[in-house]
**Q** 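First, the structure itself, so that you have it in front of you.
Chain letters run A, B, ... following the sequence lines, proteins first and then strands; every chain starts at 1.
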Protein chains: 2
Amino acid sequence: MGAAPTTERGRSTRQRIVAAAREVVAEKGASAASLDDVGARAPASRSQLYHYFDDKNDLLKAVAEATNEMVLGEQQELFAGLGTWEGLVRWTDALVAIQERHGGEGGCPIANLLSQVGEHHDQIRVVLTSGYDRWEEHIRAGLTAMIASGELRPDTDADWLATSTLASLQGGLVLTQARRDPRSLRRALDGALALVATYRSGERLGDTDRGRPPAV
Amino acid sequence: MGAAPTTERGRSTRQRIVAAAREVVAEKGASAASLDDVGARAPASRSQLYHYFDDKNDLLKAVAEATNEMVLGEQQELFAGLGTWEGLVRWTDALVAIQERHGGEGGCPIANLLSQVGEHHDQIRVVLTSGYDRWEEHIRAGLTAMIASGELRPDTDADWLATSTLASLQGGLVLTQARRDPRSLRRALDGALALVATYRSGERLGDTDRGRPPAV
DNA sequence: GAAGTATTGGACTGTCAAGTCCACTTGGGG
DNA sequence: CCCCAAGTGGACTTGACAGTCCAATACTTC
C-alpha cells in the first residue's frame, strides 16, 4: 500500500489513477498495460503512481477492487429485483443485453483479472474472490426471498442454486467471449432459469413455464 | 507459421518446443513466459524457436492448439460414456476429482489462454473457440444418444443442454479457481445434472433422482 | 508569511525479453 | 569422400518497461 491521500486533491488524483488503470487493463490486459499508459490516461506522472502505490501489483490490487465495484455496481438495481421470478428473468435479460452491446467481446472483467494476475498473486485473487462472493450472495438473497414469499418451494436449496446460477453466468460469459456470440450466454442463463423454475411452487414437469423457450 | 520440419529430428524438436511452451505458459501465464524459459525447458536454442515459429504469437497459437488437445484428450474415455446418465455423472465426478488433485488451482487452461491472449489475438481466439466447439459437440452427442435410447424424452433440446452444461462446467471452474475450492465446480455440475435430469423419461418433479444430492 | 507537509514533474537507470545474425554441425545422397 | 540442405548454438542489438531520485510546487497551520 502506498501513501493514503490525506487531502481532497490527493484523493482525486489517486482515484483518477485507479480509474485510468482499470480502463487500460480492461483494454490491453494486465501485463500489456504499462505504467506509462496509465499515467498518460489519468493523467498523472510517474512519481504520483509510486506515491500512492508500492508497485504495479499494488496498483493492480486497487484495479481489482475497482473492477468489483464496477461490475456489481452496474447490476445494483437489478439485484434489488431478484426476489421475484420476473426480476430474475429481467436480470438475465440485462446481462445478455450488455454482451450484445459489446458484440460478445470482453467477457467478465473479474474473470479476466483472475486468469491474468489472480492465479499468481494471492492478494489479488482474494479480492476477486470477494467480488464473486458478493455477487453470489445477491443471488442467494433473491432466491431466499422467493422461498420466503412462497414463490419457490420451501425445500429449495438457495445456496446451491446461487452458486450454480453464478457459474452458469460466468461460463456463459466465457463461451460468449470465445465465440463473440451472446447466444451462448443466453443459453447458459436459460439453463439456470430452467433449473430454478423446477422449484417454483405448483410447477409440474412437462407444463413448466421456464420463463422463455431456449432462445437458440 | 515458421518452417515446417521435414526430418524426424526437426519434428521432434518442434514438438519439444511446443510441449515446453505449453507447460511454461500454464505455469507462469502467457506474458510472463519468456522464450528463454521455453528454450531452457525444451531444451532448444533461440534460433530453433525462430526457425519453427515466426514470433511469440505464432508459438502461442501452437500452444493453444496443444492445449485443446491436452484438455480434450484427458477426457477422451469419459466422452465415450456420455451416452448414458451414469456416464454423464462419471464425467462430472472425474472433472471434480481433477480439480481436487490440483487444490482448485489453475482453472481451465483454455479459458486462461482466452483471457490472456485470445481476447486480443483473433487467430488464437479462433483456435480456442474450436476447442470449446469440440467439447460442446461431445456433450451434445452424448445427450443425443440418450434421447435416441429413450433415456431422455424426445422433446429434449440437446443443443441447448450441451451449451448450458459446458457453461456450468466453465463457470464452475472459474469459481473454483477463484476460491481454490472444488466444491464450487461440484455445485455447478450438480446444477447441470439436475437440469438434464428434468428431461429423463418417466421423471416427475418432486421424486426426481438428480443423481446425487447437492454435495455442499 | 513562514515553516512544514502533501503532492507533483519528469529525467534517469537497470533489467529483461523479443527478435536478428551468422557461424557451425549433422546426416543423407551422389 | 564431398556436397548441400536441414537443423542448431548462442552472442548481439534494440526497445520497452518497472522502479528510483530529487527538485519543484501547492496547500495547511499557526
**Q** Between Val18(B) and Ala66(B), which heavy-atom pair has the shortest distance, and what is it?
**A**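 Minimum heavy-atom contact is CG1-CB, 3.7 Å.
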**Q** Taking all non-hydrogen atoms of both residues, which atom of Leu143(A) and which atom of Ala162(A) are closest, and how far apart?
**A**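 Residues Leu143(A) and Ala162(A), closest heavy atoms: CD1-N, 3.7 Å.
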**Q** Mind checking side-chain hydrogen bond (donor to acceptor under 3.5 Å, both in side chains) for Glu27(B) and listing every partner two or more places apart, or none if nothing turns up?
**A**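 For Glu27(B) the side-chain hydrogen bond (donor to acceptor under 3.5 Å, both in side chains) partners, ignoring immediate neighbours, are Arg41(B).
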**Q** With sequence neighbours excluded, tell me which residues meet side chain to side chain contact (heavy atoms under 4.5 Å, CB included) with Glu86(A).
**A**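 Listed in chain order: Thr84(A), Arg90(A), Glu151(A).
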**Q** Under 4.0 Å, counting only non-hydrogen atoms across every strand here, what does Tyr52(B) touch: a base, just sugar-phosphate, or nothing?
**A**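 Sugar-phosphate: the residue Tyr52(B), judged by heavy atoms under 4.0 Å, touches backbone atoms but no base.
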**Q** Just jot down the ring pair (Phe, Tyr, Trp, His ring centres under 6.0 Å) partners of His121(B), sequence neighbours excluded, or say none.
**A**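 Ring pair (Phe, Tyr, Trp, His ring centres under 6.0 Å) list for His121(B), sorted by chain: empty.
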**Q** May I ask you to list the residues of residues 23-33 of chain B, by number, that have any heavy atom positioned under 4.0 Å from an atom of DNA chain D?
**A**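 None, since no heavy atom is under 4.0 Å.
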**Q** What residues form a side chain to side chain contact (heavy atoms under 4.5 Å, CB included) with Ala33(A), not counting sequence neighbours?
**A**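 Partners of Ala33(A) by the side chain to side chain contact (heavy atoms under 4.5 Å, CB included) criterion, ordered by chain and then number, come out as Val24(A), Val25(A).
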**Q** Which whole-number value in Å describes the distance from Phe53(A) CZ to dT20(D) P?
**A**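 It is 16 Å, rounded to the nearest whole Å.
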**Q** Between Ser34(B) and Ala4(A), who's closer to the 5' end of DNA chain C by nearest nucleotide?
**A**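 By nearest-heavy-atom nucleotide position, the 5'-most residue is Ala4(A).
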**Q** Between Arg11(B) (CZ) and dG7(D) (P), how many Å, whole number?
**A**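 It is 9 Å, rounded to the nearest whole Å.
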**Q** Identify, with sequence neighbours excluded, every residue that meets side-chain hydrogen bond (donor to acceptor under 3.5 Å, both in side chains) alongside Tyr132(A).
**A**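 Residues passing side-chain hydrogen bond (donor to acceptor under 3.5 Å, both in side chains) with Tyr132(A): Gln170(A).
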**Q** Excluding sequence neighbours, so at least two apart, what forms salt bridge (Lys or Arg N to Asp or Glu O under 4.0 Å) with Asp58(A)?
**A**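 For Asp58(A), no residue satisfies salt bridge (Lys or Arg N to Asp or Glu O under 4.0 Å) once neighbours in sequence are set aside.
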**Q** Give the rounded distance in Å between these two atoms: CG of Asp36(A) and P of dC17(D).
**A**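 Rounded to the whole Å, the gap is 6 Å.
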**Q** Going by side-chain hydrogen bond (donor to acceptor under 3.5 Å, both in side chains), name the residues that satisfy it together with Gln177(B), two or more places apart in sequence or in a different chain.
**A**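 Listed in chain order: Glu119(A), Asn112(B).
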**Q** On DNA chain D, check which nucleotide each of Ser45(B) and Leu35(A) is closest to and give me the residue with the more 5' one.
**A**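 The residue closer to the strand's 5' end, by nearest nucleotide, is Ser45(B).
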**Q** Excluding sequence neighbours, so at least two apart, what forms side chain to side chain contact (heavy atoms under 4.5 Å, CB included) with Thr144(B)?
**A**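 So Thr144(B) forms a side chain to side chain contact (heavy atoms under 4.5 Å, CB included) with Arg140(B), Ala158(B).
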**Q** Counting primed atoms plus P, OP1 and OP2 as sugar-phosphate and everything else as base, spell out the protein contacts along nucleotides 21-30 of chain D at 4.0 Å heavy-atom distance: B, S or - for each nucleotide, 5' to 3'.
**A** B----S----
**Q** Reading DNA chain C 5' to 3', which nucleotide is the first, and which the last, to come under 4.0 Å of any heavy atom in chain B?
**A**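 Both ends considered, the range comes out as dA17(C) to dT26(C).
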**Q** Among residues two or more places apart or on two chains, list those pairs meeting salt bridge (Lys or Arg N to Asp or Glu O under 4.0 Å) that have a residue in residues 61-70 of chain A.
**A**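 Listed once each, the pairs are Glu69(A)-Arg134(A).
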